[in-house]
There are 2 protein chains.
Amino acid sequence: MENNKSTGEILREKREEKGLLLRHISAELDIDTAILSKIERSERKATKEQILKLADILNLNKDNLLVQYLSERILYEIRDEELGSKALKVAEQKMKYINNKKSQA
Amino acid sequence: MENNKSTGEILREKREEKGLLLRHISAELDIDTAILSKIERSERKATKEQILKLADILNLNKDNLLVQYLSERILYEIRDEELGSKALKVAEQKMKYINNKKSQA
DNA sequence: ATTATATTTGACACTAATTGTCAAGTGTAA
DNA sequence: TTACACTTGACAATTAGTGTCAAATATAAT
């Protein structure tokens, strides 16, 4: 199902494929190259706005990239939590319950 | 499966069941009653440490309460995100993948 | 109605986490 | 040995999270 590449890896691969340099892209994002370098190596998280711009610049599917990105934020939230995967499952249940309520209304 | 009560509701119910006042518990947590009041009404998030203490004070199962709490933090992370439930599913896949790798090592 | 107590509300202070810059460092290839 | 791309780490700026306090509201007992 191909979700084993990190957002950073996806970004770096696509950038290199296009022959672009860090400074080309970081200029468009209006940040220092240092940050983009760190984002690509998963040393820093991007912001949502940066992700959306990156999808544009690199011709990546916005929804896919955003889902990757959000899933990493979720996992970061439960990093080194013993009960992380239980919490994820419960979160999904709650989400379903909420969505049900919405569709009823 | 009973995951439709918020952490705050659980805390308030149990506190009232025990006939305790906000100030009794907030004293033990070393915070103002105002915050505990807000936590019980889901207007503020507790910290993990507060959750663990609350489980102690109110004789609630630590793991259950922590899972409730963490699941709310996860949902908070994807609040008003269209793609929230996709992101949750992908997070679970990644989690499984990571856990697999661990058990192989 | 008045007092007493419990809880709630909102303005604001403090702290911690996140996001950023900058300058010096490393790697690689003319 | 110069040039260029990228990386690293110290630290500055910004934003989000956690808390206090005092005033407001709610409820119940005189």
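The basis for the numbers below is simple: all heavy atoms, side chains too, and nothing from hydrogens, waters or symmetry mates. In what follows, chains carry the letters A, B, and so on, assigned in the order in which the sequence lines appear, proteins first and then strands, with residues in each chain numbered from 1.
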Closest nucleotide among [options] to the [X] side chain:
{"X": "I31(B)", "options": "dT20(D), dT21(C), dC4(D)", "result": "dT20(D)"}
{"X": "T47(B)", "options": "dC22(C), dT18(D), dC21(D)", "result": "dT18(D)"}
{"X": "I35(B)", "options": "dG19(D), dG17(D), dC6(D)", "result": "dG19(D)"}

When all nucleic acid strands are considered with a 4.0 Å heavy-atom cut-off, which category describes Q50(A): base, sugar-phosphate, or nothing? sugar-phosphate

Classify L21(B) by what it touches in the nucleic acid, base, sugar-phosphate, or nothing, heavy-atom distance under 4.0 Å. sugar-phosphate

Pairing donors with acceptors under 3.5 angstrom, does anything connect the side chains of K14(A) and N59(A)? no

Does NZ in K18(A) sit with more than 12 non-hydrogen atoms of other residues, nucleotides or ligands closer than 6.0 Å? yes

Report yes if a donor N or O on one partner sits less than 3.5 Å from an acceptor N or O on the other, where the partners are the side chain of R44(A) and the base of dG20(C); otherwise report no. yes

Establish whether the base of dG19(D) is bridged to the side chain of K38(B) by a donor-acceptor pair shorter than 3.5 Å. no

Would one find a side-chain N or O of [X] under 4.0 angstrom from OP1 or OP2 of [N]?
{"X": "R12(B)", "N": "dT7(C)", "answer": "no"}
{"X": "Y76(A)", "N": "dA17(C)", "answer": "no"}
{"X": "S37(B)", "N": "dT7(C)", "answer": "no"}

Please identify which of these residues, D32(B), T33(B), L36(B), meets the side-chain contact (heavy atoms from CB on, under 4.5 Å) condition with R23(B). T33(B)

Can you measure [X] atom [atom1] to [N] atom [atom2] for me and round it to whole angstrom units?
{"X": "R73(B)", "N": "dT18(D)", "atom1": "CZ", "atom2": "C1'", "result": "11 Å"}
{"X": "E49(B)", "N": "dT18(D)", "atom1": "CD", "atom2": "P", "result": "10 Å"}
{"X": "H24(A)", "N": "dC4(D)", "atom1": "NE2", "atom2": "P", "result": "12 Å"}
{"X": "L36(B)", "N": "dT7(C)", "atom1": "CG", "atom2": "P", "result": "9 Å"}
{"X": "R41(A)", "N": "dT26(C)", "atom1": "CZ", "atom2": "C1'", "result": "12 Å"}
{"X": "Y69(B)", "N": "dG17(D)", "atom1": "OH", "atom2": "P", "result": "11 Å"}
{"X": "K45(A)", "N": "dA16(D)", "atom1": "NZ", "atom2": "C1'", "result": "12 Å"}
{"X": "R23(B)", "N": "dA6(C)", "atom1": "CZ", "atom2": "P", "result": "4 Å"}

Should K94(A) and Q68(B) be marked as a side chain to side chain donor-acceptor pair (under 3.5 Å) after you check the CA-CA gap, both sets of side-chain angles, and the distance that decides it? CA-CA 10 Å; K94(A) 283 183 194 288; Q68(B) 282 302 319; 2.7 Å; yes

Would you sort out whether K86(B) and L83(B) count as a side chain to side chain contact (heavy atoms under 4.5 Å, CB included), showing the intermediate values? CA-CA 5 Å; K86(B) 279 189 188 171; L83(B) 297 167; 4.3 Å; yes

